[in-house]
Amino acid sequence: MAVAMMQTPLQLRLQPRPPAVVAARHRRRLQSGFPPPNPRRGGGWCRCCANADAGKAQAQARRAYPYDEIEPRWQRHWEEHRTFRTPDIGHGLDTSKPKCYILDMFPYPSGAGLHVGHPLGYTATDILSRFKRMQGFNVLHPMGWDAFGLPAEQYAIETGTHPKITTERNINRFRSQLKSLGFSYDWDREISTTEPTYYKWTQWIFLQLLKRGLAYQAEVPVNWCPALGTVLANEEVIDGVSERGGHPVIRKPMRQWMLRITSYADRLLEDLDELDWPESIKEMQRNWIGRSEGAELEFSAVDKEGHDLGANLLVYTTRPDTIFGATYVVLAPEHSLLSSLISEEQRVHVEEYIELTARKSELERTDLQKEKTGVFSGSYAKNPATGEIVPIWVADYVLGSYGTGAIMAVPAHDSRDHEFALKYKLPIIKVVSPLNGNCDSEEAYADDGIMINSSSSSSGLNIDGMLSKDAALKVTEWVEANGFGKKKVNYKLRDWLFARQRYWGEPFPVIYRDDTNEMLPLQENQLPLTLPELDDFTPTGTGEPPLTKATDWVKTVEPLSGKPARRETSTMPQWAGSCWYYLRFMDPQNASMLVDKAKESYWGPVDIYVGGAEHSVLHLLYARFWHKVLYDIGVVSTKEPFKCLINQGLILGEVTKVGDHYVLKDDANIRLNARAYKMSKSRGNVINPDDVVSEYGADSLRLYEMFMGPLRISDVHRDSKTWSTGGIEGVHRFLGRTWRLVVGTPLPDGSYGVGTTVTDEEPTLDQLRVLHKCIARVTEEIQETRFNTAISAMMEFVNAAYKWDTQPKSVIESFILLLSPFAPHMAEELWFRLGNSRSLAHEQFPEGKSEYLKESKLVLPVQINGKTRGTILVDKECSEDDAFQIAASDEKLSKYLTGKGIRKRIYVPGRILNVIPR
């Protein structure tokens with residue numbers, strides 16, 4: 001984390017302010033009616049203002065090309081001409097052409113705006129979209145806003161500003177920033193999850209889930225913060241305290257809406273194999289779903305004398321073969337039977353432990369690095385296989401929400417149980433021996449092997465000498481035959497808690513009758529149920545949602561009977577709107593259905609989906625779940641929403657080394673404990689793209705972010721890129737060289753003429769070979785999303801073109817088309833200067849011709865008397881005489897041949913020339 005080295009107020013006052021900062025302050029003062037800051041200078045600007053203006057003039061002189069004139073002009077042109085609008089089916093879209101739906105994970109519009117990490121993925125999808133358009137595809141490339149959620153509401157609470165106002169302001173800022181970067185979005189399809197016309201269909205999907213029994217209500221534990229008087233999401237709780245304010249958070253049961261995602265667990269798992277996704281992401285989803293096969297076993301609860309307590313404990317295990325090694329049972333602190341099993345001697349200790357556990361999140365409880373804790377319940381359980389009595393413990397590493405909330409602990413063969421048993425001096429019995437006989441006696445052996453110490457004459461079960469897998473099958477058959485359990489498939493995946501006790505979210509389309517408390521869904525023609533305007537949207541302090549304050553809105557009547565009823569006051573979580581937005585982009589104005597079938601059939605599924613790996617589980621899993629439900633009811637025609645997924649890496653803040661430690665480059669007073677940090681407002685290392693665009697231009701920013709390294713990440717934790725100002729200066733110079741190659745050198749006043757330096761001459765064979773080699777490389781690298789090497793290929797072309805005597809128009813035009821997906825503003829301007837009147841956005845992308853890609857030259861080694869003395873460059877079809885003449889005229893080789901007769905020449909075409917002088 002970043003640690004600030006604080007300065008005293010005096011040190012801060014003595015530091016000179018940057019001239020631009022002071023100048024801006026003075027201008028603001030004058031605009032507010034203050035007198036000029038230095039009247040003795042005739043009311044003009046003071047020295048610091050003049051220095052700032054001089055610095056601006058120097059910066060203008062340093063610019064590599066006039067991007068500040070070019071970029072606004074072409075952004076206006078694209079907007080006025082709706083260049084990137086995708087027509088609708090039946091309204092100009094040629095559906096005989098292939099389609100490509102390219103989508104960014106749409107952003108949450110925060111008040112901080114974009115930082116330079118955001119455009120990394122957006123630039124990549126823009127390059128692909130422009131490329132596909134130029135290849136003749138119908139391209140759908142939209143943008144919208146995931147605008148409901150906790151951050152907006154929390155900011156509204158802190159500032160007293162309604163979240164609707166701040167959300168609209170933030171969206172306007174984000175949109176402006178995205179447009180300034182030249183992204184080719186179809187802005188006619190823009191959507192926001194907060195618009196009633198959008199969340200009408202979110203509510204409609206909820207009603208379909210409700211009809212099919214996939215939405216229900218249940219009493220579940222939630223994160224309750226007494227100090228804040230509200231329920232917090234998991235992401236708002238860190239180490240048992242609230243993220244904001246650091247207040248203690250406890251777990252307490254509340255009635256909540258749930259979605260039965262577990263009903264789709266097998267399909268979510270199986271269909272992963274069909275997806276073109278990073279294998280690491282698919283593995284994360286597999287682990288999150290966590291399918292396991294095992295057995296559910298029944299242990300009867302008894303007291304210390306062995307008397308039956310009238311309760312049976314179901315435990316789930318993936319290793320029924322180890323039942324003879326079960327030396328204790330563990331219950332989750334929230335287990336429903338626990339209160340009836342606590343002995344009077346242990347009651348105080350157990351209740352204290354339960355209260356302590358309630359302050360921990362599930363993530364903390366299951367952290368393998370945390371020291372295991374627990375308490376004895378005072379009761380025992382009978383092992384069905386051995387008949388022996390084992391103690392029942394309570395421990396927080398067992399969760400009530402997974403399996404049955406109870407486990408049989410086998411410390412010899414499970415690391416968590418082993419650690420717990422050592423701490424509390426519980427028996428450890430080995431029942432599995434490794435096949436090779438080698439086993440660390442100090443550690444738990446968790447692999448398969450041969451069963452030992454695993455027979456009982458009283459139960460009649462004997463699995464000694466069997467392999468683990470065979471023993472597991474026999475134990476499962478035995479418990480089923482004797483009524484002690486059954487085979488069971490289990491999942492780590494749990495049903496989705498689908499409610500928040502917050503204001504800023506989608507209202508649930510249900511009501512409750514006052515007399516019976518019966519829940520009734522709204523009719524579809526009553527949608528959307530809009531969010532009421534509230535002046536006071538702060539938490540109630542009682543756990544009741546803020547919507548309870550909207551009393552006129554809450555009170556309603558049942559439409560059929562006219563009896564009094566009330567509305568649901570919880571709201572949907574932020575995930576709701578982002579589960580299906582990709583479908584709405586296909587048909588954003590449709591008021592009668594979620595999406596038109598013909599449009600969905602043509603555009604679905606999303607061909608390329610780009611976003612951060614941090615969404616690898618929840619967003620993608622939830623969206624896949626909803627999509628499968630919509631597939632089942634005939635709304636969509638595909639089983640999966642996203643065909644190809646690409647995760648881009650992170651851009652880290654720029655740092656520099658001072659002595660033996662690293663500091664932020666922009667503030668050397670902030671010391672870091674790592675060389676690079678993910679950009680965040682709290683760390684003070686955010687680089688605003690507006691500043692970069694102002695100093696270098698949008699095309700330079702786009703090019704640099706693609707040039708930093710490969711787009712696709714293979715390792716979520718390692719694949720990141722560190723921002724470097726020197727790097728962006730390099731690509732800015734490249735663009736400047738490209739500009740001058742076509743336009744020529746600047747005039748004495750720094751401006752450029754209106755013409756170009758290109759000629760109408762026919763290109764030479766060498767020029768065509770250089771061009772088509774570049775075309776082939778850039779095409780391949782774009783298709784494989786290796787944008788950094790595509791840029792390298794274009795740099796090589798420019799280097800070669802500077803060596804030519806002339807720049808033929810046909811070659812330069814083709815190169816500009818290659819450049820256009822990467823640097824669209826410059827490409828449009830150069831295309832226009834070359835005499836083209838229309839935008840190049842829909843021009844055909846160049847194709848490399850094979851006849852120019854074959855290498856016509858080769859390097860031929862030359863030997864003199866059998867010893868290699870050098871090489872010559874010859875045509876592939878070079879004759880022996882021509883090869884000898886080239887060698888004889890070579891400066892290095894001629895000294896071995898001049899004045900000497902030739903006794904023999906040995907020539908192997910394409911391989912070698914050996915000359916033997918007399």
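All residue numbers refer to positions in the sequence shown, counting from 1. These values consider heavy atoms only, across backbone and side chains, with no hydrogens, waters or symmetry-generated copies.
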Where do Tyr581 and Met105 come nearest, in terms of heavy atoms and distance?
OH-CA, 3.4 Å
Under 3.5 Å, is there a donor-acceptor pair between the side chain of Gln203 and the main chain of Leu529?
yes
Do Trp145 and Phe106 have ring centroids that are under 6.0 Å from one another?
no
Between the main-chain N or O of Trp553 and the side-chain N or O of Arg567, is there a donor-acceptor pair closer than 3.5 Å?
yes
Is the number of heavy atoms from other residues, nucleotides or ligands under 6.0 Å of Lys200 NZ greater than 12?
yes
Exactly one of Tyr198, Tyr199, Tyr108 should register a ring pair (Phe, Tyr, Trp, His ring centres under 6.0 Å) with Phe148. Which one does?
Tyr199
Please tell me if the side chains of Asp396 and Arg365 come closer than 4.5 Å, counting only heavy atoms from C-beta onward.
yes
Ring pair (Phe, Tyr, Trp, His ring centres under 6.0 Å) assessment of Phe376 paired with His349:
CA-CA 8 Å; Phe376 177 46; His349 302 298; over 10 Å; no
Backbone N/O of Arg494 and side chain of Thr262: donor-acceptor pair under 3.5 Å:
no
Under a 3.5 Å cutoff, is there a donor and acceptor pairing between the side chains of Thr202 and Trp580?
yes
Which atoms form the tightest heavy-atom contact between Leu259 and Trp626, and what is the distance?
CD1-NE1, 3.7 Å
Are the side chain of Gln526 and the backbone of Gln523 linked by a donor-acceptor contact shorter than 3.5 Å?
yes
Is the number of heavy atoms from other residues, nucleotides or ligands under 6.0 Å of Lys423 NZ greater than 12?
yes
Tell me, yes or no, whether the heavy-atom count around Lys492 atom NZ, taken from other residues, nucleotides or ligands under 6.0 Å, exceeds 12.
no
Please report the interatomic distance CG(Leu210) to CG(Leu520), rounded to the nearest 0.5 Å.
10.0 Å
Step-by-step side-chain hydrogen bond (donor to acceptor under 3.5 Å, both in side chains) determination, Ser292 to Tyr316
CA-CA 10 Å; Ser292 63; Tyr316 174 74; 2.8 Å; yes
I'd like to know if the side chain of Arg566 and the backbone of Thr556 have a donor-acceptor N/O pair within less than 3.5 Å.
no
Are Asp308 and Lys382 close enough, and set up right, to give a salt bridge (charged side-chain N to carboxylate O under 4.0 Å, His left out), and what steps lead you there?
CA-CA 9 Å; Asp308 196 330; Lys382 185 180 291 185; over 6 Å; no
I would like to know whether Arg500 and Gln574 meet side-chain hydrogen bond (donor to acceptor under 3.5 Å, both in side chains); could you show each step before the answer?
CA-CA 9 Å; Arg500 294 287 184 270; Gln574 186 175 351; over 6 Å; no
Main chain of Glu506, side chain of Thr571: is a donor-acceptor contact present, judged purely on distance under 3.5 Å?
no
For the residue pair Trp257 and Phe206, categorise the inter-ring angle as parallel (less than 30°), tilted (30 to 60°) or perpendicular (more than 60°).
perpendicular
Using ring centroids (six-membered ring only for Trp), state whether Tyr397 and Phe420 fall under 6.0 Å.
yes
Is there a side-chain contact between Val329 and Pro391 (heavy atoms, below 4.5 Å)?
no
Using distance alone, with no hydrogens and no angle criterion, decide if Lys549 and Thr538 have a side-chain donor and acceptor under 3.5 Å apart.
yes
Trp204 atom CH2: more than 12 heavy-atom contacts under 6.0 Å
yes
Pair Glu524, Lys211 - check salt bridge (charged side-chain N to carboxylate O under 4.0 Å, His left out), show working.
CA-CA 12 Å; Glu524 292 180 8; Lys211 287 178 187 176; 3.0 Å; yes
Identify the heavy atoms of Pro521 and Leu207 that sit nearest to each other, and give their distance.
CB-CD2, 3.8 Å
Residues, nucleotides or ligands: over 12 heavy atoms within 6.0 Å of Lys304 NZ:
no
Ignoring hydrogens and geometry beyond distance, is a side-chain donor-acceptor pair present between Gln256 and Glu219 at under 3.5 Å?
no
Using a cut-off of 6.0 Å, state whether more than 12 heavy atoms not belonging to Lys488 lie near its atom NZ.
no
Backbone N/O of Tyr503 and side chain of Glu153: donor-acceptor pair under 3.5 Å:
yes
Minimal non-hydrogen separation, His418 against Ala444, with atom names:
CB-CB, 3.8 Å
For Ser561 and Glu558, which I'm curious about, is there any donor-acceptor pair between the side chains at under 3.5 Å?
yes
Restricting to non-hydrogen atoms, name the atom on Pro545 and the atom on Thr540 that form the minimum distance, rounded to 0.1 Å.
O-CG2, 3.6 Å
Quick check: does any side chain N or O of Tyr424 sit under 3.5 Å from a backbone N or O of Gly374, one acting as donor and the other as acceptor?
yes
Please name the residue in the list Arg212, His627, Arg267, Gln208 that meets the side-chain hydrogen bond (donor to acceptor under 3.5 Å, both in side chains) test with Asp632.
Arg267
Show the numbers, then the answer: is there a side-chain hydrogen bond (donor to acceptor under 3.5 Å, both in side chains) between Asn490 and Tyr402?
CA-CA 9 Å; Asn490 217 340; Tyr402 177 67; 4.8 Å; no
Side-chain heavy atoms of Phe498 within contact of Phe508, under 4.5 Å
yes
Using side chain to side chain contact (heavy atoms under 4.5 Å, CB included), reason through Trp393 and Leu426 one step at a time and then give a plain yes or no.
CA-CA 11 Å; Trp393 281 72; Leu426 296 166; 3.7 Å; yes
Provide the closest heavy-atom pair for Ala409 versus Val330 in the form atom of the first, atom of the second, distance.
CB-CG2, 4.3 Å
Keeping the roles fixed (side chain from Glu480, backbone from Lys487), state whether a donor-acceptor pair exists under 3.5 Å.
yes
With a cut-off of under 6.0 Å to the ring centre and 45° to the axis, is Arg251 in cation-pi contact with Trp224?
no
Any donor-acceptor pair under 3.5 Å linking the side chain of Lys372 with the backbone of Asp417?
no
Give me the ring orientation class for Trp496 and Tyr622: parallel if the planes are under 30° apart, tilted from 30 to 60°, perpendicular past 60°.
parallel
For Glu518 and Tyr512, run side-chain hydrogen bond (donor to acceptor under 3.5 Å, both in side chains): C-alpha distance rounded to whole Å, both residues' side-chain angles, the deciding distance at 0.1 Å, then the answer.
CA-CA 5 Å; Glu518 179 187 1; Tyr512 302 88; over 6 Å; no
Indicate yes or no: at least one non-hydrogen side-chain atom of Leu594 is less than 4.5 angstrom from one of Val635.
yes
